[in-house]
Amino acid sequence: QELINEYFAPGTLVLELPLDNGGTLQVTSHAASERDAPGSPMGSFEEWRCLRFLQSGGLIQSVTKVVVSPHSQLAKLRGAVVPL
């Protein structure tokens, strides 16, 4: 399965910060087809996070799979998946 379609699809804005020298840093979340998060608290799920610098045309700079727990507001890096 082509996973690239998952994180290139429209996502949900997680963070948007203005940069000192112009432009914006943006992080979006995207649903992952592999939703189960083995070894995580019940109700946790996996999703993609994309980092973009919008002054550079919105090109994706980094893609990482994370685990989101219903008990925490912080997403945790999915160790078995190498960030792109």
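Just so you know, these numbers come straight off a predicted model, no measurement behind them.
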Derivation of the side-chain contact (heavy atoms from CB on, under 4.5 Å) call for H30 and E6: CA-CA 7 Å; H30 306 262; E6 294 181 9; 5.6 Å; no

Indicate the atoms forming the closest heavy-atom contact of [X] with [Y], along with that distance.
{"X": "V27", "Y": "L51", "result": "CG2-CD1, 4.0 Å"}
{"X": "W48", "Y": "A31", "result": "CD1-O, 3.8 Å"}
{"X": "S44", "Y": "S69", "result": "OG-CA, 3.5 Å"}
{"X": "T28", "Y": "V14", "result": "C-CG2, 4.0 Å"}

Point-to-point distance, once rounded to the nearest 0.5 Å, from OG1 of T24 to CG of L17: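 Interatomic distance, T24 OG1 to L17 CG, rounded to 0.5 Å: 8.5 Å.
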
Side chain to side chain contact (heavy atoms under 4.5 Å, CB included), paired with R49, selected from L15, V63, V68: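 Only match with R49 under side chain to side chain contact (heavy atoms under 4.5 Å, CB included): V68.
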
